[in-house]
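By convention here, the first residue in the shown sequence is residue 1.
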Amino acid sequence: MISSVKSKIKTFLLLLVPCFLVLGTTSCDDFLDREVKGNPDSEEFYNTIYELQEGLNAVYDVLQSDQYTNCEWIFGEACGDDVVGTDENSTSQIAELVNFRFDTSNEWLLRRYQVNYRGINRANQVIANINRVRFSSDDTDNYTTVRAILGQAKFLRALFYFNLVKTYGGVSIRPEREEIGQYTIPRSTKEEVYAYIERDLREAACMLDGKYTANSSGKVGAGACVALLMKVLMYQATPGTPSDKWEEMAKLGDYFVGGKAMTYKDILHLENYSETWDEVARRLWFKPQEKLLSGESYTTENTRLPSLANIYSLEAKSTYDGSTLHYRDLYNQVGEFCARSVFEIVFKESANGLSGDSNEGTGIMNDLFWNRLFASTSFTNAIQNDPRRDVVILLHASSTFDNQRLEVPAGRRGCMKWYTPKTDRPQDDNDNGKNRRVIIYSDVVLMYAEALNEVGRREESLTQLNAVKAVANKITNVATLYKAGTYLEMRSQIWTERRFELCHLWDRYFDLVRQGRAAKVLHALAAEQLWNRGKNYIEGINEVFPIPQNEIDITNGVVSQNPGY
């Protein structure tokens with residue numbers, strides 16, 4: 001079974017290896033990181049589907065970089081309350097960041113800013129040049145392939161902007177075509193950035209298959225687009241305050257989870273477009289009506305989106321043989337691309353231990369698990385009576401599920417979602433082929449449950465909440481479920497379930513911020529540690545990080561700083 005999974009992963013990864021273009025000695029990465037567009041090099045590229053795919057591969061490559069990966073766990077996990085680090089009382093740049101005693105020149109503020117804009121730049125080049133492609137026939141498959149490339153690029157651009165806006169607030173929206181004199185772009189408002197992200201995700205959801213499988217496993221599908229759209233809406237909404245964002249989240253959940261019909265017009269909100277449907281359809285690379293062959297149907301604004309409800313599952317069902325896996329297997333190699341995984345970043349093992357290989361999973365996950373981050377006392381106490389406890393955290397010297405002695409530091413509890421079973425371990429410690437799960441289906445269901453509670457559909461909310469809990473209960477064959485309650489009681493239960501179910505997926509800190517309780521939780525965390533991490537968190541300021549000082553300086557202050565920094 002595992003060898004079959006490895007084979008499929010490696011087959012797909014052959015498609016993701018960045019190329020060296022036949023443009024003198026210019027590499028694919030160098031070419032796609034250029035700022036100025038409209039030069040002869042760009043005019044000679046993107047003329048074929050193959051070249052478009054190469055451009056898209058380079059966008060995915062940003063997700064697989066060490067810089068991107070490190071920024072994700074540092075900001076999303078290490079700044080939160082579910083883990084403690086071994087060097088939090090040091091003077092390192094990471095320690096300063098997670099203790100909220102950094103200045104605007106902290107290197108990780110700049111690294112996160114830069115790596116996400118690198119991804120945006122590469123995605124912009126694919127999107128801006130998509131109409132340069134030429135093919136020899138009007139075969140429908142050609143339109144489908146180009147549309148899929150464009151849809152994936154839009155999703156990835158939205159993801160990079162989402163990382164930026166939830167970290168820094170409003171940021172500069174870069175033009176798809178960079179021209180001389182356009183380098184300095186003032187910040188857009190947070191609302192403008194979110195609107196930009198939403199449009200990309202809505203359009204991408206119309207352009208992609210629900211989930212790609214077999215040799216295409218790992219590509220972004222419509223399920224990932226709708227899931228991220230729900231999260232983007234959730235981050236704009238305020239808990240306890242009525243909002244059209246909560247209302248739309250509930251409608252998207254009705255579609256994704258409940259199986260209700262949704263049309264292209266519904267998800268796009270065509271009333272907000274200045275284009276007609278035919279114009280939108282052409283731009284999104286649906287085959288034009290006049291080029292349809294006999295028997296081919298035209299996609300209209302009232303065409304229903306393909307159903308997502310039966311593609312994903314709260315249980316980890318194997319994509320390859322349909323078997324039900326153990327709860328923990330979602331995070332191991334056997335669970336890659338399973339029915340519970342909505343979007344994951346693909347890595348491979350290079351087997352040589354060398355750094356710098358394209359798409360190679362380096363030893364970051366191993367380093368995190370064995371040396372850097374361990375379950376906090378507050379998290380350990382909170383999950384003490386939950387059936388997931390021994391699956392997600394294990395104490396030093398305990399026996400793992402594959403009968404290995406857990407040699408994390410004495411007194412520490414390892415975060416088992418980062419653990420690599422013996423049979424999956426790389427040949428070299430500096431290497432790893434472990435995929436990173438970014439969006440899982442239970443997150444979608446819990447977002448749906450939260451939105452249902454916010455719009456007054458509490459009975460349905462409880463049903464969705466307990467659907468997630470029921471799967472976790474199978475670990476130890478218990479039957480304890482959540483109970484009906486008031487709005488606040490339901491919200492508390494949902495947030496508790498989010499903490500247990502989605503722990504250690506590098507999103508906890510941002511979840512606390514959008515819930516409006518980061519200061520309260522981090523101040524409580526400070527009381528359980530000798531070095532009081534969390535005590536410096538200032539409510540009303542630290543919910544967003546400062547714009548890197550380097551960006552303020554090179555734009556001569558055109559890009560302004562966040563208040564309080």
Exercise. State, to 0.1 Å, how close Leu314 and Ser442 come at their nearest heavy-atom pair, and which atoms those are.
Key: CD2-CA, 3.6 Å
Practice problem: List the steps and the verdict of ring-ring contact (aromatic ring centres under 6.0 Å, His included) for Phe135 and Tyr143. | Solution: CA-CA 10 Å; Phe135 36 77; Tyr143 285 92; 5.4 Å; yes
Exercise. For the pair Glu296 and Lys287, find out whether any cationic side-chain nitrogen is under 4.0 Å from an anionic carboxylate oxygen.
Key: yes
Practice problem: Could you give me the CA-CA distance, side-chain angles and deciding distance for Asp507 and Arg514, then say whether salt bridge (Lys or Arg N to Asp or Glu O under 4.0 Å) is met? | Solution: CA-CA 11 Å; Asp507 206 30; Arg514 70 96 189 165; over 6 Å; no
Self-check item: Asp266 with Lys260: basic N within carboxylate O range, under 4.0 Å
Solution: no
Exercise. Quick one: do Trp277 and Leu268 satisfy side chain to side chain contact (heavy atoms under 4.5 Å, CB included)? Show the steps, please.
Key: CA-CA 10 Å; Trp277 165 252; Leu268 288 174; 3.8 Å; yes
Quiz item: Do Glu176 and Arg157 meet the salt-bridge criterion of a basic N to acidic O distance under 4.0 Å?
Solution: yes
Exercise. For the pair Ile120 and Leu164, evaluate side chain to side chain contact (heavy atoms under 4.5 Å, CB included) and give the outcome as yes or no after the intermediate values.
Key: CA-CA 11 Å; Ile120 289 166; Leu164 289 171; 3.6 Å; yes
Quiz prompt | Note, Tyr196 side chain near Tyr161 side chain (heavy atom, < 4.5 Å) | solution = yes
Quiz item: Between Arg174 and Glu178, is a salt bridge (Lys or Arg N to Asp or Glu O under 4.0 Å) present by the stated rule, with each step listed?
Solution: CA-CA 8 Å; Arg174 303 301 307 182; Glu178 300 277 5; 3.0 Å; yes
Self-check item: Cys71 side chain near Trp108 side chain, heavy-atom distance below 4.5 Å
Solution: yes
Self-check item: Qualifying residue, where the test is side-chain contact (heavy atoms from CB on, under 4.5 Å) with Glu450 and the options are Met249, Arg498, Gln464
Solution: Arg498
Quiz prompt | Leu156, Val59, Leu150, Asn57 screened by side-chain contact (heavy atoms from CB on, under 4.5 Å) with Val126, the one that passes | solution = Val59
Quiz item: Is the distance between the ring centroids of Phe256 and Tyr448 under 6.0 Å?
Solution: no
Quiz item: Less than 4.0 Å between a side-chain N and a carboxylate O, is that true for Lys434 and Glu349?
Solution: no
Quiz item: Where the side chain of Glu454 meets the backbone of Gly240, is there a donor-acceptor pair that is under 3.5 Å apart?
Solution: yes
Quiz item: Charged N to carboxylate O under 4.0 angstrom, Arg340 versus Glu501?
Solution: yes
Self-check item: Residues forming a ring pair (Phe, Tyr, Trp, His ring centres under 6.0 Å) with Tyr331, sequence neighbours excluded
Solution: none
Quiz prompt | Exam field: side chain Arg304 to backbone Thr263, donor-acceptor pair closer than 3.5 Å | solution = no
Quiz prompt | Glu301 side-chain N/O to Leu270 backbone N/O, donor-acceptor pair under 3.5 Å | solution = no
Exercise. Mind listing the closest non-hydrogen atom pair of Ile185 and Ile173 along with its distance?
Key: CG2-O, 3.8 Å
Self-check item: Electrostatic pair Arg283:Glu203 at N-O distance under 4.0 angstrom
Solution: yes
Quiz item: With distance as the sole criterion, is a donor-acceptor pair present between the side chains of Asn124 and Tyr117 under 3.5 Å?
Solution: no
Self-check item: ring pair (Phe, Tyr, Trp, His ring centres under 6.0 Å) against Tyr168, all qualifying residues, sequence neighbours excluded
Solution: Tyr113
Quiz item: Just checking, any donor-acceptor pair under 3.5 angstrom between side chains of Glu344 and Ser341?
Solution: yes
Quiz prompt | Non-hydrogen side-chain atoms of Phe347 and Ile345 separated by less than 4.5 Å | solution = yes
Quiz item: Strictly by modelled atom types, are Asn129 and Arg177 linked by a side-chain donor-acceptor pair under 3.5 Å?
Solution: yes
Quiz item: So, Thr303 side chain and Thr299 main chain: donor-acceptor pair closer than 3.5 Å or not?
Solution: no
Quiz item: In this structure, are over 12 heavy atoms from other groups packed under 6.0 Å from Asn272 atom CG?
Solution: yes
Quiz item: Minimum heavy-atom separation for Leu208 to Ala148, with atom names?
Solution: CD2-O, 3.4 Å
Practice problem: Would you please name every residue forming a ring pair (Phe, Tyr, Trp, His ring centres under 6.0 Å) with Phe155, sequence neighbours left out? | Solution: Phe343
Practice problem: Kindly indicate, with the supporting measurements, whether the criterion salt bridge (Lys or Arg N to Asp or Glu O under 4.0 Å) is fulfilled by Lys231 and Asp443. | Solution: CA-CA 9 Å; Lys231 183 162 286 191; Asp443 191 2; 2.8 Å; yes
Practice problem: Any chance you could measure Ile127, atom CD1, to Gln152, atom CD, to the nearest 0.5 Å? | Solution: 11.5 Å
Practice problem: Tell me yes or no: between the side chains of Asn142 and Thr145, is some donor less than 3.5 Å from an acceptor? | Solution: no
Practice problem: Keeping the roles fixed (side chain from Gln53, backbone from Ile49), state whether a donor-acceptor pair exists under 3.5 Å. | Solution: no
Quiz item: Regarding Tyr50 and Glu54, is there a side-chain donor-to-acceptor distance under 3.5 Å anywhere?
Solution: yes
Self-check item: Short side-chain donor-acceptor distance under 3.5 Å, Asp511 and Trp495
Solution: no
Exercise. Enumerate the residue pairs fulfilling ring-ring contact (aromatic ring centres under 6.0 Å, His included) with a member in residues 198-246, sequence neighbours excluded, ordered by first and then second residue.
Key: Phe162-Tyr235
Quiz item: Sub-3.5 Å donor-acceptor pair from the side chain of Arg202 to the main-chain atoms of Ile267, do we have one?
Solution: yes
Exercise. Scan side-chain atoms only and decide if Thr167 and Arg112 contain a donor-acceptor pair under the 3.5 Å cut-off.
Key: yes
Quiz item: Salt bridge check: are Arg111 and Glu107 linked by an N-O gap of less than 4.0 Å?
Solution: yes
Self-check item: Salt bridge Glu290-Arg282, side-chain N to carboxylate O under 4.0 Å
Solution: yes
Exercise. Just grab all the salt bridge (charged side-chain N to carboxylate O under 4.0 Å, His left out) pairs involving residues 140-151, residues at least two apart or on different chains.
Key: none
Quiz item: Looking at CD1 of Ile197 and CD of Glu192, how far apart are the two atoms once the value is rounded to the nearest 0.5 Å?
Solution: 12.0 Å
Quiz item: Does the Arg437 side chain pair with the main chain of Leu330, one donor and one acceptor, at a distance under 3.5 Å?
Solution: yes
Quiz item: Are Arg491 and Asn453 close enough that a side-chain donor and a side-chain acceptor fall under 3.5 Å?
Solution: no
Quiz item: Can you name the ring pair (Phe, Tyr, Trp, His ring centres under 6.0 Å) partners of Phe75, sequence neighbours left out?
Solution: Phe545
Quiz item: So, Asn47 side chain and Val133 main chain: donor-acceptor pair closer than 3.5 Å or not?
Solution: no
Quiz item: Is any NZ, NE, NH1 or NH2 atom of the basic residue among Glu198 and Lys154 found under 4.0 Å from an Asp or Glu carboxylate oxygen of the other?
Solution: no
Practice problem: Mark yes or no for whether Glu460, through its side chain, and Leu452, through its backbone, hold a donor-acceptor pair below 3.5 Å. | Solution: no
Quiz item: Is the side chain of Glu247 donor-acceptor paired with the backbone N or O of Val455 at a distance under 3.5 Å, no angle test?
Solution: no
Quiz item: Any cation-pi pair here, Arg199 with Tyr273, using under 6.0 Å and within 45°?
Solution: yes
